Number of protein chains: 2
Amino acid sequence: MSSTSARRGTRLATDDWTDAALEVLRTQGRAGITINALCDHLGVTRGSFYWHFADLDALKEAVTERWCKDTGQVLEALAVLQQLPPVDRVRAMTMHLLDEGSSSIEVALRDWARTDAKVAEAVAEADRTVFAAVEQALVQIGRSAADARVLAGVLVYAGIGFAHGDHGLPRPTPDEVDRLLTLIT
Amino acid sequence: MSSTSARRGTRLATDDWTDAALEVLRTQGRAGITINALCDHLGVTRGSFYWHFADLDALKEAVTERWCKDTGQVLEALAVLQQLPPVDRVRAMTMHLLDEGSSSIEVALRDWARTDAKVAEAVAEADRTVFAAVEQALVQIGRSAADARVLAGVLVYAGIGFAHGDHGLPRPTPDEVDRLLTLIT
DNA sequence: ACCTGAACACCGTTCAAGT
DNA sequence: ACCTGAACACCGTTCAAGT
C-alpha cells in the first residue's frame, strides 16, 4: 500500500488530481478512473474531490484541456519540421505515431469523445491540425490538391485506426513505412 | 430469422436478451447497456437476467458471438465478390465500409475489446480476414507481395480509423474513393 | 481554503421464494 | 424452467461539520 503520490501532508491542488487522472488513464485506461481509486492514490477521501471539481465531468474537462495543451506542444514541435523536406516531414510524423507509447491516452480520449461533446471537439481539432499538416506536405511534394487531400485522408485515418488496433493486425515496421511513403509520395 | 422480439406474456429466451443488447448497442452505445435498462426494455426484473446469464460478462460473450456470426456472413458475401475484377472488389469493400450505418456496433465492440480478451480476439480475427482479402486483391492486380502488404495495411487501418473518427475529419465522397483507388492500384 | 465522514440513489450481483 | 423481490456491496454525489 505504498501510495507514492504527490506531496503527503500537504493539501492538494487541482493539478494534482489532473496528474493522477492522466496517469491512471495511461496505465489502466478509462475504466480505471473512479473517484475512490483516485482518492486512494492521493490519500484523501471523496469529499476532497468534490471541493476541486463539480463532478466527474469536470475532471474530464480538466484532463482534456491538459491533453490539448500537450498535444499543442507536440504539434508546435512538428511545425519546426517545416524546415525539413516534405517527405521527411511526413516520415517523421508517421514515426512519431508508431513509437508513441502514450497513444493509450489518445485511445482513452477518443473513447470519452464518443459520449462527451467537449472531448469530441478537442479531438476533432487535433485531427484537423494533423490532417492539414500532412496535406500541405503532400502538396509541397508536388501532388495535385485533390490527390493530396485524398492521400492525407487515408494516412490520418490509418493513424487513428492504428492507435485503436494493436489487436490482430501486424504492426508496420520502419521499412514498411518507407515503402509506403515511396509508393504514396 | 427466428428472432421473436419481446413477446409479452411469454417467458424469455437467451436470444431475446442478446437481441435487446444489440439494439441498445446500436442506438445508445456501450454506456446504454445496463441490466436495469434491458429489464425495462423486456418487461422483467433483474433476477430474470441472472437466470439466463452468469453476469454482464456472459452477456458480452453472447453478443460478441452473435456479432461474429453476422460478420462471418458479411465476409462470405465478400467472398462472392471473388468473381469481380480485383479493383472493383476493393472498391466494393471500401464502399461497404463507408455506408455502413451499423458501424456503431463495431465501434462499441472495439471498445469492449480493450478490456475484454475474448472480444478482442473476435475483433482481431475479423480484422485479419479483411486484411487478407484486400492484400490478395492487390496481388491479383499485379502489385508485388511487399507493396500489397503495405497498402492493404494502410487501407484496413484507415477503415478502422474511419469507423472511429466521424469527429472532425471530412467524410470521403465516392469520387474521392475512386481517386484513391486509382492512385493506389 | 481544504478536507472528513455520514448519508443517499443507483447499479451489479446473490438468493430464497414463488409459479 | 423461469421469474419476483428483498438484500448487499460499490460508486457517484451532496452536505454539514471540522481544521
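Since we're looking at a predicted model, the values are computed, not measured. Each chain gets a letter, A, B and so on, in the order its sequence line appears, and its residues count up from 1.
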- Between A:Arg143 (side chain) and A:Ile184 (backbone), is there a donor-acceptor pair under 3.5 Å? yes
- Message: Strictly by salt bridge (Lys or Arg N to Asp or Glu O under 4.0 Å), give each pair with a member in residues 151-160 of chain B just once, sequence neighbours left out.
- Response: none
- Between A:Phe49 and A:Arg46, whichever has its closest DNA chain C nucleotide further toward 5' is A:Phe49
- Whichever of A:Gly47 and A:Thr34 has its nearest DNA chain D nucleotide further upstream toward 5': A:Thr34
- Message: Holding to side-chain hydrogen bond (donor to acceptor under 3.5 Å, both in side chains), I want the full list of residues that pass it with A:Asp70, two or more places apart in sequence or in another chain.
- Response: none
- Residues in side chain to side chain contact (heavy atoms under 4.5 Å, CB included) with B:Glu65, at least two apart? none
- Under 4.0 Å between any heavy atoms, over every strand shown, what does A:Ser48 touch: base, sugar-phosphate, or nothing? Just pick one. base
- Query: What pairs with A:Ala133 under side chain to side chain contact (heavy atoms under 4.5 Å, CB included), at least two apart in sequence or on another chain?
  - Reply: A:Met93
- Set of residues satisfying side chain to side chain contact (heavy atoms under 4.5 Å, CB included) with respect to A:Glu125, sequence neighbours excluded: A:Glu121, A:Arg128, A:Thr129
- Query: Which nucleotide span of DNA chain C, 5' end to 3' end, has atoms closer than 4.0 Å to non-hydrogen atoms of chain B?
  - Reply: C:dC11 to C:dT19
- Message: Can you pull out every salt bridge (Lys or Arg N to Asp or Glu O under 4.0 Å) where at least one residue sits in residues 72-95 of chain A? Sequence neighbours excluded, please.
- Response: A:Asp88-A:Arg91, A:Arg91-A:Asp178
- Item | Pairing residues for B:Asp40 by the side-chain hydrogen bond (donor to acceptor under 3.5 Å, both in side chains) criterion, not counting sequence neighbours | none
- Note on the structure: Sorted by chain and number, sequence neighbours left out, side-chain hydrogen bond (donor to acceptor under 3.5 Å, both in side chains) with B:Glu23 holds for none
- Task: Using side chain to side chain contact (heavy atoms under 4.5 Å, CB included) as the criterion, list what pairs up with B:Ala20, not counting sequence neighbours.
- Result: B:Leu38, B:His41, B:Leu42
- Can you give the dot-bracket line for DNA chain C, where a pair is Watson-Crick or G-U wobble with both atom distances under 3.5 Å, crossing pairs use [ ], and | marks a partner on another strand? ||.|||||...|||||.||
- Item | Those residues of residues 51-60 of chain B lying under 4.0 Å from DNA chain C by at least one heavy atom | B:Ala54, B:Asp55, B:Leu56
